[in-house]
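The block underneath contains the structure these notes are about, expressed in C-alpha cells.
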2 protein chains.
Amino acid sequence: MSRLTPERTDQLYAAVLRLLADVGYDKLTMDKVAEATRSSKATLYRQWGSKEALVVAAIGALAPEPSQLPDTGSLRGDLIGLACEHEDVDDPEMDLVVAVIHACKTHPELAESVRERIVTSRSAEVGILLDRAVRRGEVAPDNPALPFVIVTMIGPALLREVIDGEVADVAYVSRFIDAVLLPALGVTPSAP
Amino acid sequence: MSRLTPERTDQLYAAVLRLLADVGYDKLTMDKVAEATRSSKATLYRQWGSKEALVVAAIGALAPEPSQLPDTGSLRGDLIGLACEHEDVDDPEMDLVVAVIHACKTHPELAESVRERIVTSRSAEVGILLDRAVRRGEVAPDNPALPFVIVTMIGPALLREVIDGEVADVAYVSRFIDAVLLPALGVTPSAP
C-alpha cells in the first residue's frame with residue numbers, strides 16, 4: 001500500500017492534535033485516532049510505529065505560525081498585542097502543553113518535540129519583541145529579567161485556571177504585564 | 001463489613017497520591033490502587049464510589065503542612081527560605097498538580113480540591129510573608145504585583161522542566177526571585 005499523501009498526513013496530524021488537546025496523552029489511543037481520522041489502525045502503525053511516534057510527528061509538523069508580530073513602538077503594546085493575537089486565533093498550543101505536560105516526564109521525545117516546536121517558536125517571537133525594546137532603549141541589554149520572560153509569561157496563561165478557577169483572558173494578561181513583567185524589566189509605564 | 005480505620009484510610013490516601021503523581025490521573029485505575037494498597041476493589045468502590053471521588057478525598061485529606069515559615073527579616077530571605085523548605089521536604093504537591101492539570105479541565109470537583117488544598121495553602125503561606133514585608137515597609141501595600149505573586153512563582157517551579165528541560169532547583173528559583181519577583185514588588189536588592 002502506498003504511503004499517505006502529504007495532504008492526508010497533514011489532516012491526520014491536525015486531527016491527532018485536536019484529539020490530544022481534548023482527551024490528554026494517556027487517554028489518546030490508536031483506536032481513537034483511527035476512528036477520528038477514518039484510517040485503519042494498521043495504516044497508523046505501519047506509518048508511525050507507535051502512539052508516541054505519531055504524536056511526536058504531529059507536534060513536529062506544527063508549522064511555525066505565519067505570525068504577524070505586533071510592532072506598536074512600545075514593549076507594552078507589543079506584548080499585549082501578542083497576547084491578543086494568540087487569543088484571537090484560538091491558539092490551541094497552550095491546550096496541547098497542558099495535555100502532555102505530565103506525559104513529558106516519562107516520554108523524553110515527546111518533551112523534546114514540545115520544546116522544539118512550541119516553546120522555541122514562542123521564545124523566538126518574544127525574543128524579537130525584547131530585542132526591539134532593547135534597541136529602542138526601553139530595556140537595558142543586561143536586565144537580569146530578560147532570560148525569565150518566557151517562563152514568567154507562560155505561568156499565568158497556563159496556570160490561572162488551576163489557581164483561580166478562571167481563564168486567563170487578555171485583560172488578565174494585560175494586568176499581569178503591567179504589574180509584574182514591565183516593572184521587572186525596568187520599563188516605566190507610559191501614560192494611558 | 002466495617003469501614004476502614006482512620007490510620008488505614010490515611011495510608012491509603014497517601015498511596016493514592018503517590019500513585020497519582022507517578023502515573024497521572026488518566027492512568028490511575030482502581031485496580032492499580034487496590035494492588036498498591038492491598039485492598040479489594042469492592043472495598044474501594046463501597047467506600048468512595050468512584051476513582052474521582054477517591055482522588056478528591058485523598059487530596060482533600062492533605063494535611064496543611066505544619067510549615068515552619070521562614071522569618072529572616074527580609075522578603076528575599078523569606079521567599080528563598082520557602083523555596084528551600086519545599087525542596088528539602090521533597091514536596092510532592094507540585095508533582096500532583098502536574099499529574100492532574102489536564103484532568104482538572106473536565107473534572108470540576110478535582111480542580112476544586114486542588115485549589116482548596118494545594119493552592120490555598122500555598123497562597124496563605126506566601127500571603128503571610130508578603131504581609132510581613134508590607135508591615136516592614138519593604139513593599140507598598142498597594143503594589144499592583146501583590147495579587148500576582150502566586151501565579152508568578154508557581155510558573156517557574158512547574159514549567160521550567162517543560163521549557164528548558166531542566167529542573168527548577170533552589171538556585172534557579174533564587175535567580176528568578178531576584179530578577180523578576182523582587183523588582184516587580186519594588187524591593188531593592190540589598191547588598192549580598
Side-chain angles (χ1 to χ4, degrees), chain A residues 20-28 95-106 108 110-112 114-115 118-120 122-123 143-165 168 172 175-186 189, chain B residues 20-28 95-106 108 111-112 114-116 118-120 122-123 143-165 168 172 175-186 189:
Chain A
L20 180 62
D22 193 26
V23 303
Y25 184 80
D26 287 331
K27 274 181 153 170
L28 185 77
D95 291 339
L96 264 186
V97 173
V98 170
V100 301
I101 190 170
H102 186 262
C104 279
K105 291 183 152 191
T106 42
L110 185 61
E112 188 56 34
V114 169
R115 270 195 295 280
I118 300 179
V119 178
T120 307
R122 292 286 162 113
S123 301
N143 183 296
L146 282 170
F148 294 101
V149 169
I150 292 289
V151 85
T152 305
M153 285 193 78
I154 213 171
L158 273 185
L159 301 172
R160 191 193 187 198
E161 210 167 332
V162 177
I163 292 177
D164 295 333
Y172 176 81
R175 288 201 303 278
F176 178 78
I177 288 170
D178 283 336
V180 177
L181 210 52
L182 295 178
L185 288 165
Chain B
L20 180 62
D22 193 26
V23 304
Y25 184 80
D26 287 332
K27 274 182 154 168
L28 185 78
D95 291 340
L96 264 186
V97 173
V98 171
V100 301
I101 190 169
H102 186 262
C104 280
K105 292 183 151 193
T106 42
E112 188 55 35
V114 169
R115 270 196 295 279
E116 266 185 23
I118 301 178
V119 178
T120 307
R122 291 287 162 113
S123 301
N143 184 297
L146 283 170
F148 294 101
V149 169
I150 292 288
V151 85
T152 305
M153 284 193 78
I154 213 170
L158 273 184
L159 302 171
R160 192 195 187 196
E161 210 166 333
V162 177
I163 293 176
D164 296 334
Y172 175 81
R175 288 201 304 277
F176 178 78
I177 289 170
D178 283 336
V180 177
L181 211 51
L182 296 179
L185 289 165

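Letters A, B, ... mirror the listed sequences (proteins, then strands); counts begin at 1. Bear in mind that the values here come from a model prediction, so they are computed numbers and not experimental data.
With sequence neighbours excluded, the residues that form a salt bridge (Lys or Arg N to Asp or Glu O under 4.0 Å) with A:Asp26 are B:Lys27.
With a 4.5 Å cut-off on non-hydrogen atoms, B:Val151 touches chain A through its backbone and its side chain both. Heavy atoms closer than 4.5 Å to chain A are found in the backbone of B:Ala21, but not in its side chain. Residue contact with chain B, scored on non-hydrogen atoms closer than 4.5 Å, involves the backbone of A:Val23 exclusively. For B:Val180, the parts sitting under 4.5 Å from any heavy atom of chain A are the backbone and the side chain alike. Heavy-atom distances place no part of B:Val100 under 4.5 Å from chain A, backbone and side chain included.
Interatomic distance, NZ of A:Lys105 versus CG of A:Leu110, reported as 13.5 Å (0.5 Å rounding). Taking CD from B:Glu112 and SG from B:Cys104, the interatomic distance works out to 10.0 Å, rounded to the nearest 0.5 Å.
Using a 30° and 60° split on the angle between ring planes, B:Tyr172 and A:Phe148 fall in the tilted class, from 30° to 60°.
Here the closest non-hydrogen pair linking A:Asp178 and A:Leu182 is OD1-CD1, 3.6 Å.
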